[in-house]
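Here the structure comes first, spelled out in C-alpha cells, and everything after it is commentary.
Just so it is clear, the values below take in all heavy atoms, side chains as well, and ignore hydrogens, waters and symmetry mates. Naming convention: chains lettered A, B, ... in sequence-line order (proteins, then strands); numbering from 1 in each chain.
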Amino acid sequence: MNIENILLDSIKNAIQDLYDTAIESQQVQLQKTNKEFEGNITLVVFPLMRITKKKPEESAEEIGNWLLKNDTHITRFNVVKGFLNLVLSEKLWLEAFNEVIQTPNYGFNSHSTGKTYMVEYASPNTNKPLHLGHLRNIFLGYSVAEILKANGHYVVKTQIINDRGIHICKSMLAWQMFGNGETPESSGLKGDHLIGKYYVKFDKEYKKEIAELIATGQTSEEAEQNAPMMLAARAMLLKWEAKDPEIYALWQKMNGWVYDGFESTYQTMGVDFDKLYYESDTYIYGKDVVEEGLQKGQFYQKEDGSIWCDLSSEKLDDKLLLRSDGTSVYMTQDIGTAIERFKDYPSLSGLIYTVGNEQNHHFKVLFSILKKLGHSWAEECYHLSYGMVELPEGKMKSREGTVVDADDLMASVIDDAREMTKERGQIDSLSENEKEDLYSTIGLGGLKYYLLKVEPKSKMLFDPKESIDLNGNTGPFIQYAFARIQSILRNCEKLPANVVTEISINNYEIELMQHILDYGQVISKAGKEYSPALIANYIYDLVKMYNSFYQSVSILKEENDDVRLFRISLSKKVGEIVQSGMLLLGVNVPNRM
RNA sequence: GGCUCAGUAGUUCAACUGGAUAGAAUGGCAGAUUUCGGCUCUGUUGGUUGGGGGUUCGACUCCCUCCUGGGUCACCA
C-alpha cells in the first residue's frame, strides 16, 4: 500500500469530475505538509491553475471539498495560499504500518534486478600506509556497494592495487641502502608502515643529493634528474620491467609486507573485496584495443606515429592513447582494464569507480572513449567522485607531515570511545571481549558516520574532536537510541503480528510512521545517486523523531493494551530500520552501550 | 588563459531537483525530568543563500555578468 498512490488516484478523479480534464500523474505535486500547518500531505495546486482556470485558493478549496466527500481517508483539510493541506485518517496510517511490519526486509528491493555492478574502491599505492583520504574513499565505496545490493543488484567489490612503478622502486632502493635487512618482525612495525618509512627516507636522502648538486652549480631541474638516488631508482624500474630475478624477488617480498599491513587495516575497518586487480598485471592491457580502434577508424594517428582519440564532439580535447614510441599512458590501461573486467564478469552492467574529484576529467574522457568504442555499458559506468578531506589547519600535505594516518586515527577513536563508555556506559554485564568490541563499534561507528553523512561530491572538514562526539548528528547518538530501544524490547511482553487499527494516536506517532514509510524510496534514491549521505540523514531524522516520541509518551507503562503494543511495535520497527540503515553505511549498532 | 566544481546562521552540514516564513546540529542563553537507559527532550538566539541583473504565480535551485577559492587541461604516473 502506497499512500501517495491512493491520494494520486483520488486527486485525478477529483480533477476529472470537477473540471472534466484527465491529467497525468506528473502534474500532481504532493509533498509533506510543513510543520507550522495542520496536515500530513499537501497538494500544490499552482500547476493545476491552467486546468481549473480559477484562483489558487478557490481551486484548492474545491478539490479539498471533493476529496472530503469522496475519499474516506481524508478527515480534514485546510488551504493556505495555493497549498491544500490534507489530514489523513489515523486508521489509514495504522493500516499502512501493519503492512510495513509484515514485510520482510522492509525497505529493500526484494526481487533482483538481475544486474551486476562492479564497485571499485581503495586502490592504494603500495609504497605507504593508508591515510584519512583513503578512509573516506573506502567507507564510501563499501557503503555504495551495500546500497546497490539493497536495491536488488548483484555487486562485485574490487580494488586495483598500484603495485608497480617508480614509487615502489624508491622504497625498495632506500631499504636496500639503509635497511640492514629490517623486516616487520624484527622492527615490530606493520608492513605498510615499514615500507612507508623507507619511502620517506628516500625522499630525505634524495633532497640532500639535490642540494649538493645545486651547490656545484646545477639548476634544480638538472639536479632532480641527475641525483644518484633517482638514477638508481630508474635503473631499478627498468630491471623490474625486465623481470630481473633479484629485483623481482625483492619487490615481491616488500609488497607482501604491505599487503599484510593493508589486510589488517581493512579488517579493522570492517570492509572486504571480492576480486583484486594488480597494476603489475593490468598495465599491459589496452594497447591492442587501441590498435584495433585505429584499424576501425575510431582513433587516428599523427605523422610521428602517436595515436589519439578525437573527442571534439564531446567538447573535450583530443586524448593521447599511445606515444610515438608505442608505449602506453594511464588512459590506455584504464580502457584495457575496463574491458578486461567485462571479460571476467560477462554479466556486468556497469562499473563504479570511487576516486577523488581531481580525476573528474580523466573519467569523463575514459567513459567517452569507451562509448566511442561501441561499448553500450559505458552508459552505466559512473565516477563516484568525492571531495577532499581537509583538516582544521588546512589541507593534508605529506611533505609537511600533516597526513592523518588511518591506523593511528582508528586506534585513537576507539580509545576515546573506551574512555567515554567507561564513564557513562551501562555495560557491567559485558565480558572484557564484549567491551572491547563495543568500544570499536562506537569509535569506528562515529568515524564512519562522520565521513559518510556529508554528500560525497562536496569537500569536507575533518575535525578530530568532533568525529567521536556523542551529541548531534553523530554515529554514537544514533547508536544510543538503538540501544535504548533494545532495552525496551528486553523488558516487554510478546508482540502480536498486527497492530490494532482502531486506536487513537498522536502526532508524534503519525510523523514517525510517515517517515518510516519513506524508507524504501530513500534507499532507492541513495542507489540512483550513489549517496550514503541520504541514508545517514534519513536515519538521523528518524532517530530525532523517535527521541521526541519517547520523551512525550510512556511506552511500557501505557495502560491501554492496544496502544502499548502499538508503541512497542513502533519502537521495534524504528530499531530495525536504524540497524539496517546503519549497516548500509557499514556501521554496527550495539544492544547496550 | 580554456574547461569545470564549489561559495548557505559564528562554525559544520541540509533543503524532496522550481514550492509555503531557507532547516538541523554545534556554540551561547533559559528550562524539563529524578523514567521504559539523561549519551534524552523543550524553548530562545543567530541569514541580504558571495555581489548585481534577468526568467515567473514562486528562485539556494534555471540564464547572464562580475568577485573569491578548489580541481584539471602532459608523448607524468
Side-chain angles (χ1 to χ4, degrees), chain A residues 29-37 42 44-47 49 55-56 80-83 85 125 162 164-167 279 283 302 304-308 315-317 319-330 333 356-362 364-365 385 387-388 390 392 395 420-421 423-426 442 450 453-455 457-463 466 469-474 476-481 483-492 518 521-522 525 529 533-534 536-537 540-541 543-544 546-558 564 567-568 571 592-593:
Chain A
Q29 273 192 52
L30 291 172
Q31 59 187 51
K32 263 184 198 167
T33 304
N34 261 24
K35 274 185 204 137
E36 30 212 297
F37 307 112
T42 293
V44 185
V45 297
F46 294 108
M49 281 163 63
K55 286 180 187 164
V80 181
K81 291 193 265 178
F83 298 90
N85 302 320
N125 290 344
N162 297 306
R164 69 152 217 131
I166 192 76
H167 51 281
E279 204 202 337
Y283 81 108
K302 289 191 179 172
D304 62 5
S306 58
I307 299 176
W308 296 72
K315 289 188 195 162
L316 295 166
D317 290 335
K319 179 68 195 172
L320 174 84
L321 297 175
L322 281 181
R323 299 190 185 100
S324 49
D325 64 4
T327 55
S328 57
V329 293
Y330 237 44
Q333 350 175 347
N357 63 9
E358 67 272 13
Q359 302 219 36
N360 283 354
H361 180 75
H362 177 82
K364 222 189 223 172
V365 172
S385 164
M388 216 172 277
E390 291 174 11
K395 283 185 194 168
M420 286 188 251
T421 308
E423 277 175 35
R424 316 172 170 200
Q426 304 189 4
I442 296 173
Y450 186 88
K453 73 178 178 188
V454 180
E455 215 31 62
K457 62 173 176 288
S458 48
K459 66 168 195 263
M460 67 174 294
L461 186 96
F462 180 81
D463 188 341
E466 248 180 66
D469 205 335
L470 305 173
N471 298 313
N473 189 354
T474 65
F477 174 84
I478 293 167
Q479 288 172 324
Y480 177 73
R484 232 170 33 165
I485 290 173
Q486 300 320 299
S487 172
I488 289 176
L489 296 178
R490 278 192 295 273
N491 296 318
C492 72
D518 284 342
Q521 283 176 41
V522 172
K525 194 175 171 199
E529 296 182 14
L534 294 177
N537 289 326
Y540 175 59
D541 287 337
V543 162
K544 258 194 312 183
Y546 182 78
N547 284 344
S548 296
F549 156 78
Y550 181 95
Q551 200 76 18
S552 70
V553 301
S554 79
I555 298 171
L556 292 180
K557 286 182 182 159
E558 167 60 41
R564 183 180 63 251
R567 287 181 184 161
I568 299 171
S571 301
R592 297 170 208 267
M593 64 190 284

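Separating the OH atom of A:Y283 from the C1' atom of B:rC76 is a distance of 17 Å, rounded to the nearest angstrom. As rounded to whole Å, 7 Å separates atom C1' of B:rA25 from atom NZ of A:K544. Look at CE on A:M49: it is 11 Å from P on B:rG58, rounded to the nearest Å. Atom CG in A:L321 sits about 14 Å away from atom C1' in B:rA74, given to the nearest Å. Taking atom CZ of A:R592 as the reference point, atom P of B:rC39 lies 16 Å away to the nearest angstrom. Between A:H362 atom NE2 and B:rU72 atom C1' the separation is 13 Å, expressed in whole Å. Rounded to a whole Å, the CZ atom of A:F477 is 8 Å from the C1' atom of B:rU40. Going from atom CG of A:N125 over to atom P of B:rC76 covers 19 Å, rounded to whole Å.
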Q: Show your working on side chain to side chain contact (heavy atoms under 4.5 Å, CB included) between A:Q551 and A:S548 and close with a plain yes or no.
A: CA-CA 5 Å; A:Q551 200 76 18; A:S548 296; 5.7 Å; no
**Q.** Candidate pair A:D463 and A:Y450, rule side chain to side chain contact (heavy atoms under 4.5 Å, CB included), full reasoning
**A.** CA-CA 10 Å; A:D463 188 341; A:Y450 186 88; 3.9 Å; yes
Q: Evaluate the criterion side chain to side chain contact (heavy atoms under 4.5 Å, CB included) for residue pair A:I442 and A:M420; output intermediate values, then yes/no.
A: CA-CA 10 Å; A:I442 296 173; A:M420 286 188 251; over 6 Å; no
Q: Give the intermediate values and the outcome of side chain to side chain contact (heavy atoms under 4.5 Å, CB included) for residues A:N34 and A:T42.
A: CA-CA 8 Å; A:N34 261 24; A:T42 293; over 6 Å; no
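Heavy-atom nearest nucleotides on RNA chain B were determined for A:W308 and for A:Y540, and the one closer to the 5' end corresponds to A:Y540. Across the interface with RNA chain B, nearest-nucleotide mapping of A:D541 and A:H167 shows A:D541 to be the residue nearer the 5′ end.
Nucleic acid contact class of A:V365 (heavy atoms, under 4.0 Å, all strands): none. A:K55 comes within 4.0 angstrom of no nucleic acid atom, judged by non-hydrogen atoms across all strands. Contacts of A:S306 with the nucleic acid, taken as non-hydrogen atoms under 4.0 Å apart, include base atoms. Among the heavy atoms of the strands lying under 4.0 Å from A:A483 is at least one base atom, whether or not backbone atoms are also near.
Between A:R484 and B:rC41 there is no side-chain N or O to OP1 or OP2 distance below 4.0 Å. Taking 4.0 angstrom as the limit, A:R323 places a side-chain polar atom (N or O) nearer than this to OP1 or OP2 of B:rC76.
Rounded to the nearest Å, the gap between the P atom of B:rA59 and that of B:rC16 is 16 Å. Using P as the reference atom, B:rC64 and B:rC3 are 12 Å apart when rounded to the nearest Å. Separation of the P atoms belonging to B:rA9 and B:rG47 is 10 Å when rounded to the nearest angstrom. When the C1' atom is used for both B:rG23 and B:rG19, the distance is 15 Å, rounded to whole Å. The same atom, P, is picked in B:rA15 and in B:rG70; the two are 25 Å apart, to the nearest Å. Taking the P atoms as reference points, B:rG46 lies 38 Å from B:rU65, given to the whole Å. Look at the P atom in both B:rA20 and B:rU72: the space between them is 38 Å, to the nearest Å. Annotation: B:rG2 and B:rA74 have their C1' atoms spaced 16 Å apart (nearest Å).
Aromatic pair A:Y546/A:F549: ring centres closer than 6.0 Å.
Secondary-structure stems of RNA chain B, taken as three or more successive Watson-Crick or G-U wobble pairs (i with j, i+1 with j-1) under a 3.5 Å distance threshold, comprise B:1-7 with B:67-73, B:10-13 with B:23-26, B:27-32 with B:40-45, B:50-54 with B:62-66.
A:E358 contributes no side-chain N or O that forms a donor-acceptor pair with the base of B:rU72 under 3.5 Å.
Here B:rG37 is the nucleotide among B:rC41, B:rG37, B:rG71 with the atom lying nearest to any side-chain atom of A:N491. The side chain of A:S487 sits closest to B:rC36 out of B:rA32, B:rG71, B:rC36. When distances are taken from the side chain of A:I555 to each of B:rG37, B:rC36, B:rA77, the shortest belongs to B:rC36.
Enclosure of atom NZ in A:K55 is not indicated, since only 12 or fewer non-hydrogen atoms of other residues, nucleotides or ligands lie within 6.0 angstrom. The 12-atom threshold is not exceeded at CG of A:D317, counting heavy atoms of other residues, nucleotides or ligands nearer than 6.0 Å.
B:rU17 takes the syn form, because its glycosidic angle lies no more than 90° either side of 0.
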Q) Going 5' to 3' along nucleotides 16-23 of chain B, which nucleotides have protein heavy atoms under 4.0 Å from the base (write B), which only from the sugar-phosphate (write S), and which from neither (write -)? A) SB-BBB--
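Checked options A:L320, A:L322, A:L321; the residue passing with A:V329 is A:L320 (criterion: side chain to side chain contact (heavy atoms under 4.5 Å, CB included)).
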Between N or O atoms, less than 3.5 Å apart, protein on one side and nucleotides 2-13 of chain B on the other: list the pairs.
residue: B:rC13; atom: OP1; partner: A:L461; partner atom: N; Å: 2.8

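Looking at A:S385 and A:N360, their side chains do bring a donor and an acceptor atom within 3.5 Å of each other.
Taking NZ from A:K453 and OH from A:Y540, the interatomic distance works out to 8.5 Å, rounded to the nearest 0.5 Å.
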